[in-house]
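In what follows, a single structure is set out as structure tokens and then discussed.
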Amino acid sequence: MLLGVIHALLASHISIPCMATQPESRQATFTAETRSPTQWNVELSTEWNVLGPFPIHAREQHFLSPSFPLNLSEPIDYSKTWPSAYADGGFVGWGTTNSDSSGLLHVAFPDIRWNYIRSTEGWAGLQHHAVLQGILTIYPPAGSSPELIISPPQIRVHLKQGSYFTILPFSDAQSGIIPEWYAGDIYAMERAIPRAVSLPSGPSTTSPTKYKILISGDYEIRLFGDPRARNSEIPVQEITVTAEVDSIYEDIIHEPAQDIVCDFIDGYAFGDSIGVGIRVTSGWWTVTKVSYKSDKVHKVIRLGLVRGTRIAPSQLRVIPITISQDGPYQHLVIEMEITLSSNEHSKVILISIPIKHYQTNMIPGPGTFKASYLFAESMPTVFLATPPLDKYIEPRPPILALHGAGVDIIGQPFWADALPRNKGRWIIMPTGRTSWGLDWHGPSAAEAWASVDALETMLSTHNRWNFPTLKSNTPVVVIGHSNGGQGAWYLASRFPDRVLGVVPAAGYIKSQSYVPLILSRAAHFSDPALRSVLESSLTPDDNDVHLSNLADIPVLAVHGGIDGNVPVWHSRELVGIVKTWASHANITLREDVGKNHWYPSVFDNPAVQAFLNDLPDHHQRPPKFTITVSEPQISGSLFGFSIVNLNVPGRISRLHIEIVGDLINIITSNVQTFSLALEYYDTTSLRFTVDGAPISMSTEVKDTEKALFFRDHQRTWQIVLHPTVSIQPPSRLQSILTSDGPIVLVVSDETQPREMSMALRIAHDLHLYHRLDAEILRKQEYADITPEDNSRVHRGNVVIIGTFSSPLVQRVLREGRTPFVSQHSRMLLNGLPYDYTKHATLFLHPHPTQVTAKILLLLYDDIPSLERGGRLFPIRTGVCVPAWLSIGPSADRIGAAGVNGAGVWGTNWSWSEISSWMP
Ligand SMILES: *[C@@H]1O[C@H](CO)[C@@H](O)[C@H](O)[C@H]1NC(C)=O
Ligand SMILES: *[C@@H]1O[C@H](CO)[C@@H](O)[C@H](O)[C@H]1NC(C)=O
Ligand SMILES: *[C@@H]1O[C@H](CO)[C@@H](O)[C@H](O)[C@H]1NC(C)=O
């Protein structure tokens, strides 16, 4: 959720759709006289055609064609109308709107009786999809500029708060081009950079060339807020689109806004790494060396390159650099030389990074500092940390503070300022990768824990400031506001043994409760059984069903009584659910009467401060508790119990535990394997029953750290010491984002430009949405990697983009590690012939060498299917993509109902009939 204050809009900006004009009738405003004599120029029309609104549920645009309802294989008919349940009479046609000089468009449909729809459908009835069409004109240099020799120019487009855009030939006669859709910067991310786009055909070098630009505009409450917050009934999309011509004189460009650097305290870096954002405009370049540049004889700073970093044409990567010191450093910048080489030559670029210095002896004591570390081995990452006010008392477990959506904690002081300093606790503020991240799930959750661990490591290895230290693997108190309040419920209920208390403020339960999916287009066309398989990929995000895990952890939920952004009923319901699990639960709702979404006293009040002070530093184990797990690999333990494998994948599983003296009675539900960390128990005379049957534990087991309980073939429970545990594969494609290293994107080679384009698009999105690093490899480079060669593949996840017949894909599928198998060049799924004509198939596959890593295969038959599959790459939360799925052309019109098969893999990547759907 954005903070409500961000949306201020004047009603006069809303344009009234009227009849669209044929684009041919427009005049370009950028006339030949104003053309630059030396440079290419690009210009966007200010007048846009608009078609809509169409009902849609959140994130449904990833399944539908972004041009829905248009079929771009046919000429666009600007006089045609289309069915829409929102409009009086049931049909809508084209209208127009204008952008202002900054490229800002307001897309509104004031003729719709929104109030009437909303009175029954609530916020869900405001969600809608629209198609916008404008004109992009490219002007060649007027004179005989050298720019003309290097042609065509590289165009970069930034679409803010729109879902997708594409650039098409101006004339319908040139149809047959399959649109290349680029994801927009839908959350208007901080420090976003425009993306390079390819043109369907090169522009003329002598006269202006026009192209059509189409945008998919999708209104979401989460992005645009409730229109009533600005005293209107009409939902308005505010979309900004700008275009520019990239420099052709430089092939390597430093992007300072992407740099990552920590603060210096008393002359010492508060972290171990620096990141330098480098973008290349053409060619493949590899960073081979970095060195600190100093005129002085005595250098106190040493820089090292974490690994060679190769950058693909138009890609941006953040170069990971380690920093170490022999003495205090007082300069205001760090200057370094970075060496890059391409096939032909090498270049050295000089980079200067400004740094901020702080002193620990400042009054009123240390403030908040920016720390840095390498996330996932090689991604320089920052977080904020505030030391305890009192450095002489025994430090207590830290506070982990999760910010709201759209809150840039690095660029704005808001979040750090909102948290009152604590006497005995560190406050750790992770970025969540970006201001939206993955809603504190997936890589954002991993980063939150990694930030705690990074601070602990830094303070224990070179604590030059005498700061209070942290215990290794320290438990924390989680607090958060809005999306971060939701994140606090999430982290605490998925990692209960690591959380001592929770203060979730203004949190929502889950995406489907925040804005219901009732206006789903796909639901009108699909088998409810398919929906259940698809929606099982939301289960790991559903905070409500995991709340049994919070029954014994103190919670103080805070919520403004008139919150117009996240309604207060969410917190009331969450508290009620915990109380249903355990009436004794120490959970309190502090409903701040008359307060809206944000108010300065959310955390800064005596009740919250008393709660934080009074929390015990250890868990009290109750005699009875229940652990709920849906994704074992991303779940921690509860009082030592962990669920390792499920009987039925994609469903929730539970252990009900009751302890009577030395006897632990366990009742299982959908559990195949579970483990118990014995450090939590006195093992001398410990006995168990599992599902009613007594089970004995040998002395050998008692002496170990962990006991594993599994069901044998007779379905009786056994307890073992050194188990070979089968992995429970992740239940959804989204797990590809949680990677232990840069994500490797494998494509054929330059002969398949769409594959390369798809890899570049995914790499751009990974950086924009999650600051996740990606390395693009051609398939031969990937095939040449031996298991011993860790330089390239590291430990990260892999995405293979290819056709079923590509040799690399065939090689992977011949191994038969999942139910997708290639046999004698035929594709089989679960032993049966698998028809992939015109389909995109996406599925998870084990990694060749790393147990916790995985491969995502994005397989396609033709270019439209590659585009369709690419839009399902799970860059955003709430897109229902389970562990395998196949999608056909009809999805363009009926969304997820165009899925031809989907499911979740069973233990050890096996077929699960019960968790699969096939028509
Ligand atoms: C789009 O139009 C083309 C050409 O008329 C047609 O072949 C194709 O089936 C249409 N696609 C859909 C999804 O209707
Ligand atoms: C509930 O938790 C708070 C905060 O730790 C603590 O002060 C209070 O004593 C607890 N109440 C009960 C009944 O345990
Ligand atoms: C997992 O499956 C692979 C084949 O896909 C097999 O070789 C291996 O033995 C299985 N592991 C277990 C623990 O069943």
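The figures here come from the full heavy-atom set of this structure, side chains too, leaving out hydrogens, waters and symmetry mates. Both ligands and their constituent atoms are indexed starting at 1 by order of listing.
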Margin query: Whether Lys579 engages the ring of Trp581 as a cation-pi pair (distance to the six-membered ring centre under 6.0 angstrom, angle to the ring normal within 45°) should be assessed.
Written below: no

Checklist line | ligand 2-proximal atoms of Asn586, by part, heavy-atom distance under 4.0 Å | finding: side chain

Next item on the list: May I ask you to identify the nearest protein heavy atom to atom 3 (C) of ligand 1, giving residue, atom name and distance to one decimal place in Å?
Entry: Asn71 ND2, 3.6 Å

Check: So, Trp909 versus Phe843, ring centres under 6.0 angstrom or not?
Finding: no

Next item on the list: Using a strict cut-off of 4.0 Å, indicate which atoms of ligand 2 neighbour a heavy atom of Phe611.
Entry: 4 (C)

Note to self: Pairing donors with acceptors under 3.5 angstrom, does anything connect the side chains of Glu631 and Ser731?
What the structure shows: yes

Note to self: Using ring centroids (six-membered ring only for Trp), state whether Trp181 and Phe165 fall under 6.0 Å.
What the structure shows: no

Item checked: Centroid separation Phe170 to Tyr211 less than 6.0 Å -> no

Next item on the list: Could you tell me whether atom 14 (O) of ligand 1 has at least one protein heavy atom nearer than 4.0 Å?
Entry: yes

Checklist line | Taking atom 7 (O) of ligand 2 as the reference point, the nearest protein heavy atom with its distance | finding: Asp614 CB, 3.2 Å

Item checked: atom 5 (O) of ligand 1 [closest protein heavy-atom partner, distance rounded to 0.1 Å] -> Glu74 OE2, 2.8 Å

Checklist line | No-hydrogen, no-angle side-chain donor-acceptor test under 3.5 Å, Asp861 and His839 | finding: no

Item checked: Closest to atom 2 (O) of ligand 3 (judged by heavy-atom distance), picking from Asn908, Thr907, Ile727 -> Asn908

